Amino acid sequence: METRFQYILLKFSICLKIVLLCLTFFGTASSALAKEGKNSGKLRINSELFDIGVTTGIINIEDFPSEFIVGANITFKASENFFLQYNYVQASVSNSAFENNPAFTTLDLGDDRDFTHFDLLVGYNIFQGEFFASEDRAHLSSLYVVGGVGDTDFGGEDDFTYTIGVGYQIEFFRRYLLRFDYRDYIYQTSLVVGDDEDTVHNTQISVGLGYLF
């Protein structure tokens, strides 16, 4: 009981830190916009601070087959280098080798075969440059890293999850973004090992399309 209580407190403290970080980013961006508006004589809002997008790809669920995923995200550009991103992905999971083996009678997901995950990430552009699709046309691009926390729901379990990743983004026609991402979802689960808990790494490779507004 004491261990479970400590885990809940740890989970709460991490979420609280993320919320405070988000508020700091939003406050910094708002102050910058207000200062810009004051210098120009009127308050202006940059219409390209946000983008919404969709994503698709492959996720490798540990102890289960690789599956096709779909998802959506929304990104807030807090500064030139930092951004915040909310992600949601889901997949339908087929039978694993454990379920097909009569020796593993404790693992039976039944109809609960939906894998869903969401997270809130802080991103940092480690390199920004230009991508040349042709000799006379250049597109803005950036290589970035992300990290944060979220939640994974699978097999009747609801697990607090750490997310880390890296990605590459190209901007087309000013308002469209093409993203290539690698993510690692890290959490503890007892789905396969029974009463014990095991740390799993579910890796995901995806491509996404975003729209700036």
Side-chain angles (χ1 to χ4, degrees), residues 7 11 14-15 18 22 50-76 83-101 104 106-126 141-170 172 176-194 196-211:
Y7 171 77
K11 181 176 178 179
I14 293 175
C15 291
I18 293 296
C22 293
F50 292 88
D51 75 75
I52 56 174
V54 293
T55 185
T56 185
I58 300 294
I59 184 170
N60 178 31
I61 303 174
E62 191 166 322
D63 298 320
F64 289 85
S66 298
E67 301 291 352
F68 175 77
I69 62 103
V70 293
N73 55 68
I74 182 168
T75 304
F76 169 69
F83 61 89
L84 297 173
Q85 187 177 79
Y86 174 83
N87 298 274
Y88 175 84
V89 296
Q90 67 176 23
S92 294
V93 182
S94 54
N95 284 5
S96 69
F98 293 99
E99 292 176 281
N100 295 329
N101 190 334
F104 293 90
T106 59
L107 180 59
D108 183 13
L109 300 185
D111 295 330
D112 188 9
R113 312 206 65 88
D114 290 332
F115 176 95
T116 60
H117 170 86
F118 68 85
D119 54 39
L120 178 62
L121 307 180
V122 178
Y124 178 74
N125 294 313
I126 58 177
S141 64
S142 62
L143 178 68
Y144 54 86
V145 292
V146 294
V149 296
D151 185 87
T152 300
D153 186 358
F154 177 54
E157 291 188 350
D158 194 16
D159 299 303
F160 181 71
T161 305
Y162 296 95
T163 302
I164 56 175
V166 61
Y168 182 69
Q169 171 182 290
I170 306 172
F172 290 96
Y176 291 93
L177 302 172
L178 181 64
R179 291 191 177 103
F180 303 92
D181 286 293
Y182 169 84
R183 300 286 165 83
D184 187 2
Y185 305 135
I186 308 168
Y187 60 91
Q188 289 188 326
T189 176
S190 58
L191 188 61
V192 175
V193 295
D196 299 326
E197 286 195 338
D198 186 28
T199 301
V200 298
H201 292 259
N202 294 339
T203 56
Q204 173 186 307
I205 299 176
S206 61
V207 58
L209 181 65
Y211 179 76

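This is a predicted model, so every value here is computed, not measured.
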For [X] versus [Y], what's the shortest heavy-atom pair and its separation?
{"X": "Asn125", "Y": "Ser142", "answer": "OD1-OG, 3.6 Å"}
{"X": "Ile61", "Y": "Val93", "answer": "CD1-CG2, 3.5 Å"}
{"X": "Phe172", "Y": "Leu178", "answer": "CE1-CB, 3.9 Å"}
{"X": "Val200", "Y": "Thr189", "answer": "CG1-CG2, 3.6 Å"}
{"X": "Thr55", "Y": "Ala72", "answer": "CG2-N, 4.2 Å"}
{"X": "Ile69", "Y": "Ala91", "answer": "CG2-CB, 3.5 Å"}

Check: [X]/[Y] side-chain N/O donor and acceptor closer than 3.5 Å:
{"X": "Glu67", "Y": "Ser94", "result": "yes"}
{"X": "Thr161", "Y": "Asp151", "result": "no"}
{"X": "Tyr185", "Y": "Gln204", "result": "yes"}

Crowded around Ile205 CD1? As in, over 12 foreign heavy atoms under 6.0 Å?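 Not more than 12 within 6.0 Å, no.
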Is the OH atom of Tyr176 crowded by more than 12 outside heavy atoms at less than 6.0 Å?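 Open: at most 12 neighbouring heavy atoms sit under 6.0 Å from OH of Tyr176.
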Are [X] and [Y] close enough that their ring centers fall under 6.0 Å?
{"X": "His117", "Y": "Tyr88", "value": "no"}
{"X": "Tyr124", "Y": "Tyr144", "value": "no"}
{"X": "Phe160", "Y": "Tyr162", "value": "yes"}
{"X": "Phe64", "Y": "Phe115", "value": "no"}

Evaluate Tyr86 against Thr75 for side-chain contact (heavy atoms from CB on, under 4.5 Å), listing each step before the verdict. CA-CA 6 Å; Tyr86 174 83; Thr75 304; over 6 Å; no
Could you tell me whether a side-chain N or O of [X] sits under 3.5 Å from a main-chain N or O of [Y], the two making a donor and an acceptor?
{"X": "Arg179", "Y": "Val207", "value": "no"}
{"X": "Thr152", "Y": "Gly150", "value": "no"}
{"X": "Gln188", "Y": "Thr199", "value": "no"}
{"X": "Asn202", "Y": "Glu62", "value": "yes"}

Step by step, work out the side-chain contact (heavy atoms from CB on, under 4.5 Å) result for Tyr182 and Thr203. CA-CA 7 Å; Tyr182 169 84; Thr203 56; 3.2 Å; yes
Between [atom1] on residue [X] and [atom2] on residue [Y], distance to nearest 0.5 Å:
{"X": "Thr116", "Y": "Gln90", "atom1": "OG1", "atom2": "CD", "answer": "7.5 Å"}
{"X": "Leu209", "Y": "Thr56", "atom1": "CG", "atom2": "OG1", "answer": "12.0 Å"}
{"X": "Asp158", "Y": "Asp153", "atom1": "CG", "atom2": "CG", "answer": "5.0 Å"}

Could you walk me through whether Val149 and Thr163 pass the side-chain contact (heavy atoms from CB on, under 4.5 Å) check? CA-CA 6 Å; Val149 296; Thr163 302; over 6 Å; no
Would you call the rings of Phe76 and Phe50 parallel, tilted or perpendicular, where under 30° means parallel and over 60° means perpendicular?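 The arrangement is tilted - the two ring planes meet at 30° to 60°.
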What I'd like to find out is whether the side chain of Ile186 reaches to under 4.5 Å of the side chain of Ile164, using heavy atoms alone.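 Ile186 reaches Ile164 side chain to side chain.
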Is the shortest heavy-atom distance from the side chain of Ser190 to the side chain of Glu197 under 4.5 Å?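 In short, these two side chains touch, coming nearer than 4.5 Å.
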The test is side-chain contact (heavy atoms from CB on, under 4.5 Å); show your working for Leu121 and Asn87 and say whether it passes. CA-CA 8 Å; Leu121 307 180; Asn87 298 274; 3.5 Å; yes
Asp181 with Arg183: basic N within carboxylate O range, under 4.0 Å: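 Here Asp181 pairs with Arg183 in a salt bridge, since their nearest N and O are under 4.0 Å apart.
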